[in-house]
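Encoded as structure tokens, the structure appears first; notes follow it.
Numbering starts at 1 and runs along the sequence shown. Just follow the structure's listing: the first ligand is 1, and inside any ligand the first atom is 1.
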Amino acid sequence: MTTHLRHLTTLENLPRATIEHLLDRAIAMRDACAHGTRKLDLLTGRTVLNLFFEPSTRTRTSFELAARRLGADVVNFNIGVSSTTKGETLYDTLHTLEAMHLDAIVVRHKVDGTPDELVRNAMSGVSIVNAGDGHHAHPTQGLLDALTIRQHRPDFENLTVTICGDIRHSRVARSDVHALTALGVKAIRFCGPAGLLPDADEFPQVQCSEDFDAAIAGADVAIMLRLQKERMAATELPDEAAYFQHYGLDPRRLARADRGCLVMHPGPLNRGIEIADEVADGPQSRVLEQVANGVFVRMAVLGELLAR
Ligand code: ASP
């Protein structure tokens, strides 16, 4: 028995069964598409709106593909030419869009909590899907990361996962921890310079370290994160060459991890800053699998929220 979802704004506190159900559903979507079917009809007659207030390559495209592959109509709201640039509030934008009878709004915003605000203020039956809010949550990324790990290492209770980089400003790190904790991962380690680690009490279950050589030792999964420059003051920005020396994943460091360590990154990659070319393009890299899984996970989520 899993909880029925109307919206997806975070993975925090979702039961393991719900997360596993969404991952299973993503695999079913993948299998359905693998048989040559490019388009299913689960969401025929439904309309999904992409409302992105921050840049996106993978997430926006894959939500669009996911919705189309399920037979839904998709509208991409172009912020640059919309009335938000004329001073319209987010709520007026929401109610205007709702009046057009949308079934789902997929929203990305730089302010933490925006998707939950939309849930609280929506006047129709629209479903809200969080495509990343500030440094708060990126639930579909958490799911696709969990799916990518599960495809290689379903034995979560044996796994050590090291997440390295700008954790403090990362919504990906937060959603990954929520998913991986629910799935019973043995150990999660955060690594980064002191100023980019979260407050000590935010994730009591996670070990924090400033020493990447120690944090990667024996890891089964390494998730590398980009410096979220857009969420930092200029004075907080580390020197990139020094950062790579201490926190970049290069072949020498990867050799300290478990032999089969999966290398993951949500993208966009900043090569030579958090990851070396040889590792990003090497045999242990799962980066493009993550991208592929993103479409199936988003199909699963839209299917779950919208299918009648
Ligand atoms: N694409 C991810 C996000 O939107 C990671 C990143 O931008 O660094 O959070």
Tell me whether ligand 1 is touched by [X] - counting only heavy atoms on the residue side and a distance under 4.0 Å.
X: R108; answer: yes
X: E54; answer: no
X: S56; answer: no

- Message: List ligand 1 atoms under 4.0 Å from V172, heavy atoms only on the residue side.
- Response: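 Those of ligand 1 that fall under 4.0 Å from V172 are 2 (C), 5 (C), 9 (O).
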About how many Å separate [atom2] of [Y] and [atom1] of [X], when rounded to the nearest 0.5 Å?
X: L102; Y: L97; atom1: CG; atom2: CG; answer: 6.0 Å
X: R286; Y: M264; atom1: CZ; atom2: CE; answer: 10.0 Å
X: D41; Y: L70; atom1: CG; atom2: CG; answer: 9.5 Å

To which protein heavy atom is [atom] closest, and what is the distance rounded to 0.1 Å?
atom: atom 7 (O) of ligand 1; answer: R226 NH2, 2.9 Å
atom: atom 5 (C) of ligand 1; answer: G267 O, 3.2 Å
atom: atom 4 (O) of ligand 1; answer: R171 NH2, 2.8 Å

- Item | Cluster link L180 to L8, ILVMFWY, side chain under 4.5 Å |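 Yes, one cluster joins them.
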- Item | Residue portion contacting ligand 1 (non-hydrogen atoms closer than 4.0 Å) for Q228 |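 Within the 4.0 Å criterion, Q228 contacts ligand 1 through side-chain atoms alone.
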- Task: Can you label the angle between the H169 ring and the H135 ring as parallel, tilted or perpendicular, going by 30° and 60°?
- Result: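 Geometry flag for H135 against H169: perpendicular rings.
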- Query: Are T93 and E88 linked by a side-chain donor-acceptor pair shorter than 3.5 Å?
  - Reply: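 Note: T93 and E88 side chains meet the donor-acceptor criterion.
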